[in-house]
Amino acid sequence: MPRLSEVIAALDTLWPPERAEGWDAVGTVCGEPDQEITRVLFAVDPVREIVDEAVKLGANLLVTHHPLYLRGTTTVAADTFKGRVVHTLIKNDIALHVAHTNADRADPGVSDALAGALDLRVVRPLVPDPTDPEGRRGLGRVCELDHPLTVRELAARAAGRLPATAQGIRVAGDPEALVRTVAVSGGSGDSLFDDVRAAGVDAFLTADLRHHPASEARAHSPLALLDAAHWATEWPWCELAAAQLDEISDRKGWGLRVHVSKTVTDPWTAHAASTETPNAMGAPN
């Protein structure tokens with residue numbers, strides 16, 4: 001069985017920590033370097049439900065996309081939410097490792113997994129990493145469809161292919177407009193609107209779109225916007241990452257058992273549709 005330090009070294013070849021954004025908090029949060037690793041669980045969020053799942057599964061390593069502590073802390077007291085996570089992990093000999101923006105920029109990375117889930121052909125990164133001479137790494141992806149779809153059809157495909165959430169897929173733009181090219185970005189993507197416009201695509205699928213950036217983007221061009229749940233756009237990466245570690249394990253003869261959590265950790269739990277058709281009536285008095 002490999003030791004934690006060996007597994008982390010392998011993960012760092014996939015998602016080098018130095019490629020993370022300067023504000024990010026990636027790497028190993030807890031875990032003994034000499035601990036033997038037999039079972040690994042991948043998930044998006046290091047929340048209590050996922051940690052409990054890791055305990056029940058008998059995993060000794062939990063790999064998440066989102067950091068546990070992004071802005072630092074002064075306590076890991078067990079009477080705090082995140083402190084209880086740390087205590088549970090340590091008491092059960094479970095290491096926690098985070099790959100966040102370094103996984104976003106990777107080749108393949110979070111947006112490749114998102115494009116794959118939607119059967120889109122990746123053409124290039126949306127925001128290329130200037131340190132990659134091959135031009136394959138970077139944030140987001142510019143993609144092509146095998147055949148044109150309407151915005152409505154593309155939204156339906158996304159709703160059917162991504163994990164189900166209360167939000168589903170919100171759309172801004174003409175539902176009947178044809179889409180041939182799409183930019184995708186797993187997670188929050190409205191900071192990338194300038195790059196999306198420069199790419200000249202017909203649609204942009206991402207998450208966490210805010211009112212003003214979305215409104216301004218629509219004013220600039222007929223770009224269609226598809227807004228999915230943050231968790232749903234990043235969950236496909238867990239399957240990709242698990243497959244990558246499986247391949248490494250097979251190559252090195254480690255015999256790791258690698259799992260992907262299917263626990264939905266999107267914070268939104270229900271959706272009530274408006275009773276009136278959009279634009280059918282004016283704003284309420």
Side-chain angles (χ1 to χ4, degrees), residues 1-17 20 25-69 82 84-104 106-117 161-165 186-187 231-266:
M1 289 294 111
R3 300 190 183 278
L4 175 63
S5 58
E6 296 175 281
V7 178
I8 296 304
L11 297 182
D12 283 348
T13 64
L14 298 174
W15 318 298
V26 302
T28 305
V29 177
C30 64
E32 292 283 353
D34 290 336
Q35 175 185 0
E36 287 191 346
I37 302 299
T38 58
R39 195 180 295 264
V40 183
L41 178 65
F42 282 86
V44 174
D45 297 301
V47 294
R48 185 60 189 269
E49 301 96 308
I50 297 299
V51 173
D52 288 345
E53 182 179 348
V55 172
K56 185 176 181 180
L57 185 65
N60 358 72
L61 173 59
L62 171 62
V63 180
T64 65
H65 183 51
H66 289 153
L68 178 63
Y69 290 106
K82 293 186 177 183
R84 172 53 59 187
V85 166
V86 173
H87 278 253
T88 303
L89 289 167
I90 293 174
K91 283 183 177 179
N92 290 276
D93 294 323
I94 302 173
L96 172 61
H97 186 78
V98 173
H100 193 210
T101 52
N102 49 332
D104 289 331
D107 171 36
V110 172
S111 292
D112 293 289
L114 174 58
R161 301 286 181 84
L162 296 179
T165 61
W231 172 83
T233 63
E234 294 179 330
W235 184 85
W237 172 80
C238 295
E239 291 195 321
L240 168 64
Q244 289 177 289
L245 181 56
D246 255 334
E247 189 278 327
I248 292 172
S249 174
D250 289 345
R251 177 159 36 88
K252 292 181 176 288
W254 285 347
L256 291 176
R257 296 185 178 183
V258 182
H259 306 263
V260 174
S261 173
K262 292 181 171 57
T263 301
V264 178
T265 54
D266 186 74

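All residue numbers refer to positions in the sequence shown, counting from 1. As a basis for the values below, the full set of heavy atoms in this structure was taken, side chains included, without hydrogen atoms, waters or symmetry mates.
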First locate atom [atom1] of [X], then atom [atom2] of [Y], and finally report the distance between them rounded to the nearest 0.5 Å.
| X | Y | atom1 | atom2 | answer |
| --- | --- | --- | --- | --- |
| L57 | H259 | CG | NE2 | 4.5 Å |
| I37 | D93 | CD1 | CG | 9.5 Å |
| T265 | R48 | OG1 | CZ | 15.0 Å |
| S5 | D12 | OG | CG | 11.0 Å |
| I50 | L89 | CD1 | CG | 11.5 Å |
| L61 | E36 | CG | CD | 13.5 Å |

Tell me, do [X] and [Y] make a side-chain contact under 4.5 Å, heavy atoms counted?
| X | Y | result |
| --- | --- | --- |
| T263 | V47 | no |
| I248 | W254 | yes |
| L256 | P2 | yes |
| V51 | R84 | no |
| V98 | P46 | no |

Minimum heavy-atom separation for [X] and [Y], please, with both atom names.
| X | Y | result |
| --- | --- | --- |
| V260 | E239 | CG2-CA, 3.9 Å |
| E53 | K262 | OE2-N, 4.3 Å |
| T13 | P16 | O-CD, 4.0 Å |
| A43 | C238 | C-SG, 3.5 Å |
| R3 | P33 | CB-O, 3.7 Å |
| A232 | L162 | O-CD2, 3.9 Å |

Flag, side chain of [X] to backbone of [Y], donor-acceptor distance under 3.5 Å:
| X | Y | result |
| --- | --- | --- |
| R39 | A59 | no |
| T233 | G187 | yes |
| H97 | T64 | no |
| Q244 | L14 | no |
| N60 | T38 | yes |
| K82 | L68 | yes |
| N102 | W15 | yes |
| D112 | G109 | yes |

**OP:** Hey, can you tell me if H100 and H66 have their rings parallel, tilted or perpendicular (30° and 60° cut-offs)?
**Re:** perpendicular

**OP:** Please collect all ring pair (Phe, Tyr, Trp, His ring centres under 6.0 Å) contacts where either partner lies in residues 28-51, sequence neighbours excluded, each pair once.
**Re:** none

